[in-house]
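Note: hydrogens, waters and symmetry copies are ignored here, and every other heavy atom, side chains too, is used. Below, read A as the first sequence line, B as the second, and so on, with proteins coming before strands; counting in each chain starts at 1. Since this is a predicted model, take the numbers as computed values, not measurements.
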Amino acid sequence: MEQQELWKSVLGEVELQISKPNFLTWLKNSQLLENKNGVALVGLPNNFAKEWVKNRYHKIILGSLRNFDSSVKNIDYSVFHQNPLMGQIGVSDKNDEYLGMRLPLELKVDKRTNLNPKYTIDSFIVGHSNELTFAAVQAVIKDVGKKYNPLFIYGGVGLGKTHLLQGAGNEIKKIYKGEISVLYVTSEKFLNDIVAAIRNKRMEDVKHRYRNIDVLIVDDIQFIGGKTTTEQEFFHTFNALYENNKQIIISSDRAPSAIPTLEERLRSRFEGGMIVDIGYPDYEMRLAILKMKIQSQNIQIDDKIVEQIALKVQKNIRELEGVLNKVVFCMQYNNLPMENKKIDEIINEVAQPAIKNVTIQDIIKNVADFFELSTSDLMNRSRKKEIVEPRQIVMYLLRDIMKLSYPHIGERVGKRDHTTAIHAYEKIKNDITQNNQLNQKIAVIKERLFKT
Amino acid sequence: MNIIVLRDELVNSLYAVERSVGFGSSLPMLKNVLIRADGPTITVTATNLEFAVIYSFQGKVINSGSISVPFHLLNSVIKNLNSEKLSISVREGNVVDITTDNYNASLHGFDAKDYPIIPSIHKSDGKININIESFTEAIECVIGSTQYSEIRPEISGVFMEANSDSMRFVATDGFRLAEKEISGFHMDLSGLDGIGVIIPLRSVEEIYRLLKTQKEGDLNIFVDQTQILFKTERMEMISRVVDGNFPEYKAIIPKDAAIEAILPRRELMSAIKLTSSFSGKNNDLLFASGENGKFIELSSSDGSVGQNTYRITSKIKGGGFSLLFNWKYLMEGIKIFNTDEVIIGVNADDKPVKIKSAGDISLVYVVVPMKK
């Protein structure tokens, strides 16, 4: 029987055996903290209660516990603070400004929720590329479990998904002061928990851990695709939470429809909720992000340099940060003002590692894999829609990344005319700005290309 | 139980425990005090489950034992008795007889085993031995700088920090902060580098109340993870500590000041009281340097009511300034010093101001100016 349930039942029995004032005074805020290896650990709110309960109610409680769980042989008592008003990490999130100055926050990850306090909603920069998603998250925070459920956020690497997810979790924790329980996991952790549970025959524990919460946040869900048992368990967990109007927030590197190995039932459930994406930041947003990092770390750096970094580093936010760090480091180390050339060098080093290594074959193969086609499908004369688009993408990438000439492109992709290549390039280039899905797909493909 | 005690001792003990009686609580037993007689020592105990006070004294114990009785009733009887000695005995059915040579009373007592068990510290993280007067002086300096707060319990109290070199008491409410450092104490640490606990405000007030009349004697302080125990020769008080972390206040205290103003303390206090008469709802008081750096002007105004200005001579080094304060916070910062002069250190118009004195570096007060 689950711990909280068990304790509730025990208290119910004990209540009948002692006077009401005594029950209210000593046991009302008690908790069953642990119950393993035959020893139960009972938490009391203060030392007085601990002494009293330990000395006067031990036998009654032990008796009652054993009625429900005969494996319990003994009870330990400790003082445990519930602290609904105070999170483990300085409640004081507003106390960043303490006596008018910034204070270092206690940056420990909260063990109960897995949330890292460094990710806050306040520090999340909003721009065109993510304002819709941000609005959806705000709506969820305001109306937990009722507004958009599940909330599915997808986007490329280093664009702030984890920041937003954890920020949402921290915000919910802060606003609802412990009345709403939050749990954040990566799908990898979920998977590991399931595997460990199966091995140790503790499935019940895992089930309860993931279903006895008000908000479940799962990061990088795409990894459970193809792992049947995990998908199954997630499916059941999802249902259990959803039926009870518990909030589910999910992130992924692509839309549900683009996770090929995902079980159909799960896909349809995700698609039944609100799907929003985070795109790549534009120049203004990149500048804003850099400025915020500079401010929060009290760095002195020339505006022109910041602008240059924002201009040149166009990919993801993590890269932006990396370049900034390297530039600042060089500045401090060399103690010299930075020249544009040097900065360009750094940017190239950090931000664009291996474009040179991409070959035509790589591009064709990656696109084919992404769309679950074969390379010959892409080359042949088929005009089927499902094949034409990937083919056009190949042509676009060949131009965009490798800067091949149109005739060359046409030649390599099934001996086509150069005008076909031109048309494909222009079409995809245009569609990218209109169609976010397409943009995301291409971003993912590009990432995979450069990863190897 | 059957004892004979001096009325005065009993009065003292009831005075000591009266604030610990748990009025208005769900457990009626908390409205009682526990009287226990063991050997020649008699103790009177009360608790409100936040803290407990145990007061001991000597008396004649004919039979050991214990009983709990309603505080109010006992207090009322004892205070109004005019005899020097009285006897307290318990008979069948928990009936408590109080007898003097011309008075007798029987009241309904309660079994001692129904009275809460007072926790103790079995294994302390550290033990501090300090002169009572030093302790109360330190508390006096900082206690005015904090307030009750349910939402920020970690600053709703006094932070006591000690290692083998020094001991500090710090209190703040987010707008101002006071830190007092003391020496002249002994410390025994069980393997730790130091201890730091946040003593809840009510507990601080209580231990201060209990100790402030004593000039002599030593106080022993024991600390563990969840509790703090104050022990003197006659009395023990055990209290919970606040669960949480006190903010990293050291970073807040300005290290240097661009501008420093030295002012006569007593005159400044009168000046603040005087000019605050015209302060508006915000308790605002303007504190600005005059020309030539030779004086300071305190002024306040309240729309239609009027305005006033006071000029006070001062030695100013480093430039001019104009700051808006909550006069109560400023006053507290001046009041806690006991030297003739105070030094006010200013940086920018919106940065925290540090108040200290030349003769005494153990006390520091920091206050944030109001936004103009």
### Summary
chain A shares the most heavy-atom pairs under 4.5 Å, among B/M29, B/R240, B/Q227, with B/Q227

### Task
Mind checking the OG-CG spacing from A/S19 to B/D114? Nearest 0.5 Å is all I need.
8.5 Å

### Query
Any side-chain heavy-atom pair from B/I118 and A/F48 closer than 4.5 angstrom?
yes

### Query
ring pair (Phe, Tyr, Trp, His ring centres under 6.0 Å) with B/Y55: which residues, sequence neighbours excluded?
none

### Message
Taking atom NE2 as the centre, does B/H72 end up with more than 12 heavy-atom neighbours from other residues, nucleotides or ligands that are less than 6.0 angstrom away?
### Response
no

### Message
Among residues at least two apart in sequence or on other chains, which ones pass ring pair (Phe, Tyr, Trp, His ring centres under 6.0 Å) with A/W7?
### Response
none

### Task
Nearest 0.5 Å please: distance from the CG atom of A/N47 over to the CD atom of B/E50.
12.0 Å

### Query
Taking the side chain as C-beta and beyond, is there a heavy-atom pair between A/W26 and B/L49 under 4.5 Å?
yes

### Summary
For A/W52 and B/I117 the tightest heavy-atom approach is CE3-N, 3.5 Å

### Message
Quick check on A/Q17: does its CD atom have over 12 non-hydrogen neighbours (other residues, nucleotides or ligands) under 6.0 Å away?
### Response
yes

### Query
When heavy-atom pairs shorter than 4.5 Å are enumerated against chain B, which of A/N55, A/T25, A/N22, A/N46 gives the highest number?
A/T25

### Message
Whether the side chain of A/R56 engages the backbone of B/K113 through a donor-acceptor N/O pair (distance < 3.5 Å, no angle test) should be reported.
### Response
yes

